[in-house]
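Have a look at the structure below, then the notes.
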Amino acid sequence: MSQPFRLNKEGLINRNKKISFTFNGKKLFGYEGDTIASALIANGIHLVGRSFKYHRPRGFFGAGVEEPNAKLQVEFNGHSEPNVNATEMELVEGLSATSQNCWPSVNFDIGAINNFLKMFFPAGFYYKTFMWPKSFWYKIYEPFIRKAAGLGVASIEKDKERYEHKFEYCDLLVTGSGPSGLASAYAAAKNGAKVILAEDKPRFGGTLLTDDVSIDNLSGKDWAEKIITELKSMPNVTVKNRSQVFGYYDHNMLVMFERVSDHLEKKSKFTPRQRLWYIRAKETILSTGSIERPIVFGNNDTPGIFLSAAAKEYMKVYGVLVGKKPLIFTNNDSAYETALEFKKNNVEPIILDTREEHSSELIDEAKSKGIDIRFSHGVIVANGYKKVKSAKIGKLNKDKNSFGKIETVDCDCICVSGFWTPSVHLASQSGNKLKYEEKIDAFIPDKKKQHETSVGAANGSFTLEESLKHGFENGSNLSAKITETKTEISIPNVNEKKYGAHDKFWCMPLPKNENPKRFVDFQNDVSVSDIEIALREGYRSIEHVKRYTTLGMATDQGRTSNLNGLQLVSNIENKIVPEVGHTTFRPPFTPITIGTIVGREVGMEYMPTRKTPMHEWHEKNNAVFVDAGAWKRPRYYKLGSETLFEASKREAKNVRENVGICDVTTLGKIDIKGPDAAEFLNRVYTNAWMKLPVGKARYGLMLREDGIVMDDGTTTRISENHYHMTTTTAQAANVLSHLEYYLQIVWPELNVNVVSTTEQWAGAAIAGPKSRDMLSKLYPDLDVSNEALPFMGYKEAEFFGVPSRIFRISFSGELAYEINVKSDHGMFMWEKMMEVGKDFGNQPYGTEALSTLRIEMGHVAGPELDGRTIPSDVSLNGLVSKKKDFIGKNSLGREAFNVESRQKIVGLIPIDRKSSIPEGSHIVQDQNAKLPNPKLGHVSSSCWSVENNNPFSLAIMKDGKNMIGKKFFAVSPLKNKSIEVEVISSHYVDPEGKRVRS
Amino acid sequence: MLYIKCPYCGLRAQKEFSYGGDATVKRPNINEEVSSEDWDNFVYMRKSPRGKHIELWQHIAGCRQWIKVQRDTATHEIFQTAKVTEEIR
Ligand SMILES: [Zn+2]
């Protein structure tokens, strides 16, 4: 179990704790603090996957978020997660990782044949290849691509983990704990600002952990530790590692993804796996650093080829060598640090520098240490299939486009550096238009759009001295504006190596007759020739080139490929890069789990559940519930083995014959008070309200300003200036906002107040011919005769000692009452009613029976008041006053509302008196007519009429009033039914409304 | 998510508010004769400007007051908020 590539002492890992894991079934071990990548490299494993299109062998390329290749299927802590970045995922005991983009195995992959058939996979191959014939897509192309191209597999198991959301506010959010981030956070904290410092990696310090620098005579790493320790001790500072700020939204809202416990072997039941932070920051410091970009050359995707800074990070953070015979290929000084680090660990590198021979602090140091440096040189092509074995290198002529001597050198890894690209994604997301900085060949933030300030490498400053200075200054100034306190901080002394100028060189030319693939985007397998093809085929906009070639469209968002792609386009098009422009940066910066986005809003917590005070009784009595918005309402009460149909028929029939009670607590209730309340109602409702006496209820209809019916319900005058309005369950919130709108904005001169009292009252309807008898038993001391409490009458009385309101209103068409008591007394009321009602054959009824009763009476409800009907459509024009003005009145005169053939509500019965008519059926003249068959109307509500013992439906039909007696077909393609129907009146039972008045 | 300053409650998250459309539209007076054209303009016709827009929002999960918000429809920048009885210049 030796680790051939692990150094003896370097690194920040915990060598006292071994962690065992498996890769493609092979048992391996690493140390606490390793990533999957560092542990595999320590074990000498580089081949981890196959590329997306050509199935070429791929290894690690980076050491963090920039990684384009090493995406694994990882099982750990009971999860199976696809597309996990091996360079970011920390090793945990028992973790098992597998290569995902290969079949049958990473070593022998059938799809690799694509590599030899690459003429079939040019740019735009998705569009060209898989489009025709269309029928092939589902059966042939899609399954084939899925199997061969793989990618990971999402788990189909229920996710047992806990995810949380957190809302936080701060003065300053600092995104990244490199030198500029630490300095900003420190300065702001000293000014007393509320600071959040977020670091994506497990370790704080950013480049301070890997760069050979000193600050105030401390190593970069020690200085970072000192600052972090002090920040952690301050009560106004929150310091978070494993936390990536991935999105910058409006009004300085940033979203952060915290990996709370993925790295833990054991955790408490209540520790979330991951947490999403919504952070509203007054100011934001973007200290996201920069990412090294590669130089493009032949077969540059071969395993063993790394970014040079990644190679250095593997040595310094993980104590791991990416190879023992390294070639360093660079156009700038930073890769010399990698070479020196190899040298320090007794590995002899060769440096190929595209620049002509010159001198700088780092070059001189490398020379003095005896490192083999070859100026004006570069790698032409890497040799080796599953691992780099050697490289063909060439001396570049002055034109940088032709070669002098070409030779082959042995190597086991190539560390490449094409200079640095600032990570400007958050700045871009904030709305900042980026600008191209010629000096560094990359985009940096321009004028700020929100409260964001980019510092350090994210702003294109690549020296430590400058980064610290900008950090301290900006952190101090931005926070001082908020806290109005300024603490002087002396900027520390810095010792760092001075870099010389870089070479504006990004792609190696090829010698004549050589044509290896030169990849720009590894994750999506986009090569130089693909981009050339796209441009040849006429694509010009960078956004189009991106979509056609898929350049930068993989999960790594082109972090290592975008700028090289832009360089290529601008070279071919003979434009400068800023004219080509850049593509859009979108959140999230790296993939995040769906679980985190969802948070705790799963299952029962998806939305609040509203229960009436009588809910427990319903539960105990076999109620089957139905959702009405957030409310749970009994749909029916199941007796024995009854079906929904049988139970609702029994319940409805009992109301028609005896008496039933129904929980109507969910109806919207609004209290309306004030001297102008009557005038207000008169404007809100279509009918007259000025003369309603105290102690009386009235049915009212309200419209929107466009004349469409908004809601209906009864409103009762409780006292002179006090009304109680009811709305439908569904419209309760809308109606309240509607009333508030008119009172606050349109008619502020009306002295009226409205407030929702839905939750304050429990309601029960008592309906049926025996309801008065039952009521008299419930209120033995009250005169409930037709004379004393007539239809639409109202009384207040004690219900077995508790205050109650009695409304004589009916939704079922039967003699009926509605009793309201304070919510706390709801259960008491219900149980009393059940007890007293026994003698009268009382049974509870649910919403299904409720619907049956109202449908056969022709009472309209939600399905008829569907946002498309005006009062006359639903036969409610009798409620529309001709004398007064009201909301929506002017719209009722519109021509379309008054044509002779205007739609109208009708009743439908099946000719066979047996077949139920599905709701939503279309009404047509001829069921066999050629499509499109003209639609004459639609079925809005259906029931089994308990009164007439056959199906009955309500429908909205064109020219409905002239259709009575005619026969049509109700066709439901969904249910594959066509039923011959006869049109009748919508009032199927008691059309004169005698019962409610009896 | 927008950050809206309710003139009654202070800065609150957008999820506490609901949107109410153009605040400059004035409803014709009740009980007064109105031409079809004026009525149609009130009910249906709205400008959809790119840029500054004075609009209504209701603080439904707070004080329930309707308020005026002057917002840039392209950038979401909020320039000013006010009570409905106040003018936005
Ligand atoms: Zn408010």
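Note: hydrogens, waters and symmetry copies are ignored here, and every other heavy atom, side chains too, is used. Residue numbers begin at 1 in each chain, while the letters A, B, ... track the order of the sequences.
The greatest number of non-hydrogen atom pairs below 4.5 Å with chain A, out of B:Asn31, B:Asp40, B:Ile4, is found for B:Asn31. Annotation: maximal heavy-atom pairing with chain B below 4.5 Å, among A:Lys889, A:Gln744, A:Arg683, A:Met253, occurs at A:Gln744. With respect to chain B, the highest number of heavy-atom pairs below 4.5 Å among A:Gly888, A:Gly893, A:Ser737, A:Pro748 belongs to A:Ser737.
For A:Lys884, the NZ atom sits in a packed shell: over 12 heavy atoms of surrounding residues, nucleotides or ligands are nearer than 6.0 Å. Within a 6.0 Å radius of CE in B:Met45, other residues, nucleotides and ligands contribute 12 heavy atoms or fewer. Counted within 6.0 Å of OH on A:Tyr606, heavy atoms from surrounding residues, nucleotides or ligands total 12 or fewer; the atom is thus considered open. Remark: A:Lys448 NZ is packed, more than 12 non-hydrogen atoms of other residues, nucleotides or ligands lying under 6.0 Å away. Residue-environment remark: CD (A:Glu895) stays at or below the threshold of 12 foreign heavy atoms within 6.0 Å.
Interface residue B:Ile60: only side-chain heavy atoms are found under 4.5 Å from chain A. Only the backbone of B:Thr75 comes within contact range of chain A, judged by heavy atoms closer than 4.5 Å. Looking at A:Phe167, only its side chain comes within 4.5 Å of chain B, counting heavy atoms on both sides. If you measure heavy-atom distances from B:Trp39 to chain A, the contacts under 4.5 Å come from the side chain alone. If you measure heavy-atom distances from B:Ala13 to chain A, the contacts under 4.5 Å come from both the backbone and the side chain.
When side chains are defined from C-beta on, B:Gln14 does not count as touching A:His251, because their heavy atoms never get closer than 4.5 Å. Proximity of A:Arg280 to B:Leu11: side-chain heavy atoms (C-beta onward) are nowhere separated by under 4.5 Å. Side-chain contact between B:Leu56 and A:Tyr741 is present, with at least one heavy-atom pair separated by less than 4.5 Å.
The contact list for residues 76-88 of chain B toward chain A, using heavy atoms and a distance under 4.5 Å, reads B:His76, B:Glu77, B:Ile78, B:Val84 by residue number.
Interatomic distance, B:Glu33 CD to A:Asp885 CG, rounded to the nearest 0.5 Å: 9.5 Å. Atom CD1 of A:Ile745 is separated from atom CD of B:Gln58 by 8.0 Å, given to the nearest 0.5 angstrom. Taking CG of B:Asn29 as the reference point, atom CH2 of A:Trp747 lies at 10.0 Å (rounded to 0.5 Å).
For the pair A:Phe886 and B:Arg27, the tightest heavy-atom approach, listed with the atom from each and the gap, is O-NH2, 3.8 Å.
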